[in-house]
Amino acid sequence: MPELPEVETTRRGIAPHITGQRIQEVRVRHRGLRWPVPDELESRLTGLSVVAVDRRGKYLLFRTDGGITMILHLGMSGSLSLGPQGPAGPHDHLDWLFSGGVRLRMRDPRRFGAVLLTENDPMDHPLLRNLGPEPFDPRFTGEHLYGIAKARRVAVKQLVMDARVVVGVGNIYANEALFLSGIRPKRPCHRISANRLSGLRDAVVEVLQSAIEQGGTTLRDFVREDGRPGYFARRLRVYGRAGLPCLVCAEPIRQIRIGQRSTFFCPTCQT
DNA sequence: CAACGGACCTGCCTGC
DNA sequence: TGCAGGCAGGTCCGTT
């Protein structure tokens with residue numbers, strides 16, 4: 001159930017184990033993901049070595065010495081694990097077996113994930129081409145947010161969740177960042193000052209950074225028999241806390257819907 | 001262009 | 001206990 005911190009934690013967990021390793025065999029059990037797993041995946045990957053595992057937004061990029069990059073997205077319910085994992089379950093779609101004996105497995109019950117190949121620069125791939133800056137990129141600034149916000153009329157929560165504006169801010173961390181910066185999720189983005197949007201930028205960076213740091217502390221558990229990456233306990237201030245007292249002012253946290261997504265905020269701390 | 005709603009799927013929880 | 005309904009951390013795509 002990955003947002004950017006989970007994807008980054010996964011990347012850091014697997015990269016040291018498979019970088020430099022040769023793909024000996026690819027087993028595809030179920031091709032049905034968001035898009036069908038390409039028929040030629042097995043034949044084109046077998047024999048290549050992984051030279052790097054990168055990330056762009058929530059996409060993982062497995063770069064190989066054959067000039068081919070495998071693009072992998074975990075969707076809503078996907079996870080990667082390093083083996084040995086035991087017998088494959090019904091939602092274990094793919095295995096990659098490496099020459100060193102390591103096995104990487106992708107599980108995805110809801111099948112919103114994706115596995116694709118590209119032989120070109122993956123940044124030019126249609127799925128990645130129009131993505132906004134990484135949250136930790138110096139180009140993601142308050143001015144960047146403000147410049148876009150003044151020309152748009154959506155709720156600010158929808159703006160920060162728009163991958164063309166900045167990548168990696170999913171529903172949980174959008175809620176958290178808006179709480180931290182004291183902005184109501186529903187506020188029209190063009191009616192927020194540059195100063196407050198700058199605060200929102202800082203909050204986005206902080207909330208993602210600290211989640212990644214917490215994930216890092218459990219990385220040692222990444223290789224486990226049951227396979228699931230070590231999900232860390234999140235310290236959430238508003239997400240999922242409808243009706244519970246605000247941790248700052250004790251006012252009950254409210255829950256509304258914005259663009260079909262659950263939204264949580266404190267009616268006194270956030271204006 | 002921007003905004004919006006629907007679509008893709010399964011699992012899990014709630015309430016009748 | 002069974003079943004319907006609602007909800008879930010993503011994001012693409014078609015329509016207006």
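As the structure is a prediction and not an experimental result, all values here were calculated from the model. Below, each value reflects all heavy atoms present in this structure, side chains not excepted, and no hydrogens, waters or symmetry copies. Here is how names work: the chains are called A, B, and so on, in the same order as the sequence lines, proteins then strands, and each is numbered from 1.
Across all strands shown, C:dA4 forms a Watson-Crick or G-U wobble pair with B:dT14, both key distances being under 3.5 Å.
Closest approach of A:Leu159 and A:Ala149 over heavy atoms only: CD2-CB, 3.8 Å.
When the C1' atom of B:dA7 is taken as reference, atom CE of A:Met76 falls 12 Å away, rounded to whole Å. In this structure, A:Arg34 atom CZ and B:dA7 atom C1' are separated by 8 Å, rounded to whole Å. Atom CG in A:Asn175 sits roughly 11 Å away from atom P in C:dG10 (whole-Å rounding). With rounding to whole Å, A:Leu33 atom CG is found 11 Å from B:dC9 atom C1'. The separation between A:Ile71 atom CD1 and C:dT11 atom C1' is 15 Å, rounded to whole Å. Note: CG (A:Leu60) to P (C:dG10) measures 15 Å, nearest angstrom. A:Gln158 has its CD atom 9 Å from the C1' atom of B:dC4, to the nearest Å. One interatomic measurement links the two molecules: CD1 of A:Ile148 to C1' of B:dA2, which rounds to 13 Å at whole-angstrom precision.
Distances shorter than 4.0 Å separate none of the side-chain N or O atoms of A:Ser77 from OP1 or OP2 on B:dC9. In terms of phosphate contacts, A:Tyr59 brings a side-chain nitrogen or oxygen within less than 4.0 Å of OP1 or OP2 of C:dC12. A close approach under 4.0 Å does not occur between any side-chain nitrogen or oxygen of A:Arg110 and OP1 or OP2 of C:dA8. Phosphate contact (OP1/OP2 of C:dT11, side-chain N/O of A:His73, threshold under 4.0 Å): present.
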**Request:** Applying salt bridge (Lys or Arg N to Asp or Glu O under 4.0 Å), run through A:Asp39 and A:Arg31 and close with a yes or a no.
**Result:** CA-CA 8 Å; A:Asp39 286 332; A:Arg31 308 200 93 89; 3.6 Å; yes
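Judged by closest nucleotide on DNA chain B, A:Arg164 is the one of A:Gln260 and A:Arg164 placed further toward the 5' end. The residue among A:His91 and A:Ala155 whose nearest nucleotide of DNA chain B is located toward the 5' end is A:Ala155.
Aromatic stacking of A:Phe112 on B:dC8: satisfied, with centres closer than 5.5 Å and planes within an angle under 30 degrees.
Nearest nucleotide to the side chain of A:Trp35, out of C:dC13, C:dC7, C:dG10: C:dC13.
A donor-acceptor distance shorter than 3.5 angstrom exists from the side chain of A:His73 to the backbone of A:Gly75, with no hydrogens or angles considered. Panel note: side chain A:Asn171, backbone A:Ser262; a donor-acceptor pair is recorded below 3.5 Å.
The residue A:Arg111 sits close only to the backbone: its heavy atoms come under 4.0 Å of sugar-phosphate atoms, none of a base. Within 4.0 Å (heavy atoms only), A:Arg261 reaches at least one base atom of the nucleic acid.
Checking each of A:Arg139, A:Arg55, A:Lys58 against A:Glu134 for a salt bridge (charged side-chain N to carboxylate O under 4.0 Å, His left out) leaves exactly one that passes, namely A:Arg55.
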